[in-house]
Amino acid sequence: MSCIFCKIAAGEIPSATLYEDEDVRVILDLGPASRGHALVLPKRHFADVTAMPQRLLGKAMKVAGRIGAAQKKAFGYEGFNLIQNNGEAAGQTVFHFHLHVIPRRSGDAAVGLWRPGTVTPEEMAETAGLIRQEL
Ligand code: AMP
Ligand code: ZN
């Protein structure tokens, strides 16, 4: 496999590692949105969230919470975003599941979130129905 995150997670490529256990490695992102921006990587290869086993998803979220709390203590941050991209259209560039932990201060522009749109109750009911039938 030529997956770069497999190699990093396995320790074959050096990384700035914040935490490691039998399931995950947490590294600093090479292109940080803010100082301390981290990535939680499972050690096994899964392309995206749809391929991830439930236990590892729980583990990744739990570890991400600990990392966010540590970023806050280390640098006096006030909060953090957990961001996880699935598919090229959604901004995924490395196709090995990873969970971003991005520390934040109020008023920073580290992460561009969405602008709220508008929707009618009828549209919401139709939209909910169309998604529900695919579950
Ligand atoms: P995404 O766009 O969600 O797929 O995120 C991929 C992230 O991986 C980006 O934030 C990159 O800066 C980061 N990245 C890519 N290659 C490396 C690497 N070798 N070490 C650390 N971070 C990386
Ligand atoms: Zn991989």
Side-chain angles (χ1 to χ4, degrees):
M1 282 278 274
S2 62
C3 171
I4 186 152
F5 280 3
C6 276
K7 290 179 180 154
I8 290 173
E12 290 164 23
I13 294 177
S15 61
T17 293
L18 307 181
Y19 173 81
E20 184 187 2
D21 65 23
E22 66 278 17
D23 295 317
V24 299
R25 181 188 293 270
V26 183
I27 64 168
L28 288 181
D29 194 297
L30 268 184
S34 56
R35 187 181 186 191
H37 177 169
L39 302 172
V40 182
L41 314 177
K43 290 196 166 176
R44 286 173 59 207
H45 182 89
F46 301 99
D48 63 23
V49 73
T50 65
M52 279 281 279
Q54 188 160 333
R55 186 187 71 80
L56 280 181
L57 284 171
K59 179 74 173 271
M61 286 298 275
K62 191 73 192 165
V63 169
R66 282 183 63 198
I67 296 293
Q71 290 164 334
K72 286 172 70 175
K73 278 193 185 168
F75 299 113
Y77 282 110
E78 299 160 68
F80 58 92
N81 294 106
L82 300 184
I83 296 179
Q84 199 276 309
N85 299 325
N86 297 282
E88 211 173 326
Q92 187 175 9
T93 59
V94 181
F95 294 87
H96 175 127
F97 175 96
H98 50 282
L99 182 55
H100 295 260
V101 190
I102 303 178
R104 303 295 304 275
R105 289 181 212 290
S106 44
D108 73 25
V111 172
L113 292 176
W114 64 91
R115 274 177 301 147
T118 56
V119 67
T120 64
E122 294 75 24
E123 282 170 339
M124 286 181 87
E126 186 195 6
T127 300
L130 288 169
I131 296 171
R132 262 198 315 265
Q133 75 188 15
E134 301 298 340
L135 288 174

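- Side-chain contact between Tyr19 and Val40 is absent, with no heavy-atom pair separated by less than 4.5 Å.
- Put simply, Met52 and Leu41 are part of two different groups of oily side chains (I, L, V, M, F, W, Y) that touch within less than 4.5 Å, one to the next.
- Among residues two or more places apart in sequence or in another chain, the salt bridge (Lys or Arg N to Asp or Glu O under 4.0 Å) test is passed with Glu126 by none.
- Taken from SG in Cys6 to CZ in Arg44, the straight-line distance is 10.5 Å, to the nearest 0.5 Å.
- For Asp108, the salt bridge (Lys or Arg N to Asp or Glu O under 4.0 Å) criterion is met by Arg104, not counting sequence neighbours.
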Going by atom type alone, with no hydrogens or angles, which donor-acceptor pairs under 3.5 Å involve a side-chain atom of residues 85-95 and a protein atom two or more places apart or on another chain?
{"from": "Asn86", "atom 1": "OD1", "to": "Val49", "atom 2": "N", "distance (Å)": "2.9"}
{"from": "Asn86", "atom 1": "OD1", "to": "Gln84", "atom 2": "NE2", "distance (Å)": "3.2"}
{"from": "Asn86", "atom 1": "ND2", "to": "Gln84", "atom 2": "OE1", "distance (Å)": "2.7"}
{"from": "Gln92", "atom 1": "OE1", "to": "Gly87", "atom 2": "N", "distance (Å)": "2.7"}
{"from": "Gln92", "atom 1": "NE2", "to": "Ala47", "atom 2": "O", "distance (Å)": "2.9"}
{"from": "Gln92", "atom 1": "NE2", "to": "Val94", "atom 2": "O", "distance (Å)": "3.1"}

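- For residues 64-93, no residue pair satisfies the ring pair (Phe, Tyr, Trp, His ring centres under 6.0 Å) rule, not counting sequence neighbours.
- Of all non-hydrogen atoms in Ser15 and Ile27, the two that sit nearest each other are OG-CG2, 3.3 Å.
- By the rule that hydrophobic residues join a cluster once side-chain heavy atoms approach within less than 4.5 Å of another member, Ile102 and Ile67 end up as members of separate clusters.
- Scanning both residues, Ala38 and Val26, for their nearest heavy atoms gives CB-CG1, 4.0 Å.
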Anything under 3.5 Å between a donor and an acceptor, one on a side chain of residues 128-135, the other on a protein residue two or more places apart or in another chain? List them.
none

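- Here Glu78 does not pair with Arg105 in a salt bridge; the nearest charged N to carboxylate O distance is not below 4.0 Å.
- The nearest pair of heavy atoms linking Ile8 to Arg25 is O-NE, 3.0 Å.
- Counting heavy atoms from C-beta outward, Lys7 and His96 have side chains that stay 4.5 Å or more apart.
- Nearest approach of Asp23 to Asp21, heavy atoms of both residues: N-OD1, 2.8 Å.
- In this structure, Leu57 is a member of the same hydrophobic cluster as Val101, with clusters built from ILVMFWY side-chain heavy atoms closer than 4.5 Å.
- Contact between Phe46 and Ala51 at its shortest, heavy atoms only, is CD2-O, 3.2 Å.
- Phe5 places a side-chain heavy atom less than 4.5 Å from the side chain of Leu39.
- One hydrophobic cluster holds both Leu28 and Val63 under the rule that ILVMFWY side chains link at heavy-atom gaps under 4.5 Å.
- By the ring-ring contact (aromatic ring centres under 6.0 Å, His included) test, His100 pairs with His37, His98, sequence neighbours left out.
- Heavy atoms only, all atoms of each residue included: Pro42 and Ala9 are closest at O-CB, 3.9 Å.
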